[in-house]
Participant: 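My questions will all concern the structure given below.
In what follows, every chain begins at residue 1, and chains take the letters A, B, ... in the order their sequences are listed.
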Amino acid sequence: MNAIWLVVLPLLGAFLLPLVYRENIKLRIGIGPFVLGLNLIIAVMIWFDVAANGAHTIVMGGFPAPLGIIFYVDQLALLFVIMVILGTLILWLGKEKDYIGYIQEETLLLLIVGGSCGLVLSGDLFNIYVFYEIVAVSSYGLAASRGSYAASVRFLILGAFGSSLLLLGIALIYAVTGTLNLAHLAVLAPQSLQGIVGVTAFVFIIIGLGVKAELFPVNTWVPEVYTTAPARISALLGGIVSKLALLVILRLLITLYESSAAHLLLLTLGVLGVITGELAAMRATHLRQMLAYSSIGQLGLVAIAFSIPGPAGIIAGTALALHHAIVKPALFMLTKAWGKQLSDLAGASKVSLLSSLLFLVFALSLIGIPPLPGFWAKFLLLKGALETNIAAYQMAIAVVLIATVIETTYFMRIVRLMFQEELKKTSTLKAPALQELMPACVFLAILLISVFAIKPMGTHLNTLAISAADKSVYIDQTFDKTLFP
Amino acid sequence: MTVFSGVIFTIGLGVLLIAVMKSLILEQVLTGGIGSIILEQAPTEVGSANIVSSVLLAYRGLDTLGELTVLFVAATAIGLVLGQRSPDTKHDSEAGFILRSAADLLFPFMIMLGAYIILHGHITPGGGFQGGAILAAAFFIPILASPASPLNHKVSSLIEGLAGTAFILIGLFALVGKGYFLAPLFGTGDIGALFSAGSLPLLYLAVGLKVGSELAGLLARLQEV
Amino acid sequence: MTETIGIQLVSYSGAMGLILLGIFALVNYEHLIRVIFGLILLEAGVNLFLITLAYRADAVAPIMIEGQTAAMVDPIPHALVLTAIVIGVAVQALALALVIKTYQKYGTLNTRILAQRIAEESGTRMIEGIPTEVKKV
């Protein structure tokens, strides 16, 4: 199966969806989930193919690697593709009753999935920029979907600033190498990208991609957007889409910037993200806002993991990213009824025991209490950082541990409020509707299944990371060195 | 205080950019790169006299699809943000007689020019984007002259969806026929002739229609607020 | 040779100047329309930079005409710029639509005031970037 279907199918669906809805309103429930389901099946089929035969490339238009655009299909990329499609599909369950603009919202959801698939699969720098823009512009639209225009416009300005810097970085790389293909660049990088131009380009690219990846200096949009956007959208953007930009940064680190300075830059940004995110989350007074800051901290953890050179970093980062992609959307979906001041949550377990318990389990996993998967993800991170024997990473371990303590403080404070306090007489707390809890329950099922499947998942991640960390595999697969010396 | 730090930040960035520029001009004299290979190969592989068109639609066809998608995303998001126009809002007043007649007079010529630029995109400077922008202007100028007769959004969104679908279908057709998404079809033909460069003119037609309808819809919607 | 460097220097300086102006506006201004103008300048600067990359001395536009033998400029940046311009237009249109709606809803376009209003509405108050307890009435 050609991996281009993963991108084309959602785009085709999105182009036709408004037309079909206008003609036949009855088809509306089915189309989006149908397209995503089909996409999921294709992704899983390609996954098994790649697992059996190893990574391969898809050539667009029949032009060989450095001339045309290629998709590099390996298990790491497919894992994130499956994560996006499955996550969007599960969040689709939490859809509300019809409201104004639901057609556009569903179109944008399909487009964001198509863009995300292209973003992780693409092996061409400019193509990455184009898909990044699809994802970014759809998220501006989705963030504004329920009247939060001001937060969305502030998000858009920061995002467009980041995109321009990303494009400038790509232009600088093209200026010194004359190519855009990642494999070709990987061959040229040791000579061409070590100078001031190459390093400047990397800084611009990391800041540009950092807007979506919620990296330290450019994440001011996060709390505003996640507190004002609908719960489903916050869950999608914060839990799932934000990791893809980090994956692209990882790819660049593997292929283009192997120097320790580049890794240390990402490490620094990650550490700063963890510190600021967790400290702000502790001082937050609003549940959504707290989750938003906590997602900055969690993505900082993923960035720290990805900055560890070699397969250990990829294993830890992927595990953390996947775990966060299960837990954070579920927590955001719970906030639909309860996303207000923290003090209002007093006695919430008396209103709805089920959702309080769900909150407890997800919070425990996010903190990293064994045997929940969050523990193993953090454990892999600490193990990977310890094995590097570089002082900066050892310092990062201390930061991660302190951050865990802070996380425990603020999550347990809420759990205590929910379970131990009496319900206030004036409390207006309502039990969430079953429809809203459905996505969280599905995510819980995935979380519990993964508890029992830790071992096979670990071996899978291991093989996946070893092949992903090997730059020569990437080069040999995409690029015929005899043609373009 | 913030102004001061902003100035410092900009100055620092300026120094960095000047250093980059110095290194680009004085040290890096790039020879080769994929551009020169494409200049050599494009005439035989794609057969379009305008090599930028070959790059845009053949070598980097997926970028063009992505770009059409970004435009579509923006149009959808604007539709979501601005919502439906309520029928009883007041229109701007009509423009004077001269402006209205001129707009009507210009309309056929601009359509013709737009169509010409789209259809000759593979042999002359021009193409789907430029022609599409002219088409959009052709539909938007009458709206500016007489705001009471708005654009038919139903038709424009129909063309939008169908043109985008057509672009993808041509690509998928190539995937089935030649094994590669968006591979050039139907041979190259005589370079420089109107019917040359295989499926490129068809792709440009799709691009032109999509860009035209999308931009016209965007402008009209922003004007209706 | 010196003439080539001259042309490149002017073009590069123009691009860098536009980029710096754009970033200056983005960082320093609080009015949304000015900030969006900053964005437009920034995008224009990046596009000019890309076009300058394509420049080759004594080369013509990459369009084949019978009997022409001169060298051609690099076609790839031209294609990239075309894509980048359209993406830029799309983002700017969305930005303006959001600005219209923001103004209708809040009656101001000052980003600082808007940030405060967002915080008030969602029940989170920001003081110097750090959220603090909201006083109950």
Participant: Verify, without hydrogens or angle tests, whether A:Arg154 (side chain) and C:Ala115 (backbone) share a donor-acceptor contact under 3.5 angstrom.
Facilitator: no
Participant: Please report the closest heavy-atom contact between A:Ala150 and C:Leu114, naming both atoms and the distance.
Facilitator: CB-CD2, 4.1 Å
Participant: Can you tell me how far apart OG (A:Ser163) and CG (C:Leu39) are? Round to the nearest 0.5 Å.
Facilitator: 9.5 Å
Participant: To check you understand the geometry: which heavy-atom pair defines the closest contact between C:Ile118 and A:Glu224, and what is its length?
Facilitator: CD1-OE1, 3.8 Å
Participant: Which bit of C:Leu53 comes within less than 4.5 Å of chain A, counting heavy atoms only: side chain, backbone, both or neither?
Facilitator: side chain
Participant: Less than 4.5 Å apart, any side-chain heavy atom of C:Lys101 and any of A:Val153?
Facilitator: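 They are not in side-chain contact.
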Participant: Evaluate the side-chain proximity of C:Ile23 to A:Phe161: yes if any heavy-atom separation is below 4.5 Å, no if none is.
Facilitator: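 Yes; the side chains approach each other to less than 4.5 Å.
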Participant: OH/A:Tyr174 to CD1/C:Ile76 distance, rounded to the nearest 0.5 angstrom?
Facilitator: 4.0 Å
Participant: Restricting to non-hydrogen atoms, name the atom on A:Ser164 and the atom on C:Val46 that form the minimum distance, rounded to 0.1 Å.
Facilitator: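 For A:Ser164 versus C:Val46, the nearest heavy atoms are O-CG2, 3.9 Å.
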Participant: Going through the checks in order, is the side-chain contact (heavy atoms from CB on, under 4.5 Å) test met by C:Ile87 and A:Val137?
Facilitator: CA-CA 9 Å; C:Ile87 290 176; A:Val137 179; 5.7 Å; no
Participant: Contact part of C:Val91 toward chain A, heavy-atom cut-off under 4.5 Å: side chain, backbone, both or neither?
Facilitator: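 Both parts, backbone and side chain.
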Participant: To the nearest 0.5 angstrom, please state how far the CG atom of C:Asn47 sits from the CG atom of A:Leu167.
Facilitator: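 Reported value, rounded in 0.5 Å steps: 6.5 Å.
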Participant: Do C:Thr83 and A:Phe126 touch side chain to side chain, with heavy atoms closer than 4.5 Å?
Facilitator: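 In short, these two side chains touch, coming nearer than 4.5 Å.
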Participant: Please flag which part of C:Ile19 lies under 4.5 Å from any non-hydrogen atom of chain A: side chain, backbone, both or neither.
Facilitator: side chain
Participant: Would you check, one step at a time, whether the test side-chain contact (heavy atoms from CB on, under 4.5 Å) holds for A:Leu180 with C:Leu80?
Facilitator: CA-CA 11 Å; A:Leu180 293 164; C:Leu80 302 189; 3.9 Å; yes
Participant: Who wins among A:Leu158, A:Ile157, A:Thr228 for the most heavy-atom pairs under 4.5 Å with chain C?
Facilitator: A:Ile157
Participant: Given the options A:Val130, A:Thr220, A:Leu168, which has more heavy-atom pairs under 4.5 Å with chain C than any of the others?
Facilitator: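 Of the options given, most contacts go to A:Leu168.
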Participant: More than 12 heavy atoms of other residues, nucleotides or ligands under 6.0 Å from OH of C:Tyr106: yes or no?
Facilitator: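 Atom OH in C:Tyr106 is packed in, count exceeds 12.
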Participant: With a 4.5 angstrom heavy-atom cut-off, could you sort out which part of A:Ala144 is near chain C: side chain, backbone, both or neither?
Facilitator: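 Just its side chain gets close to chain C.
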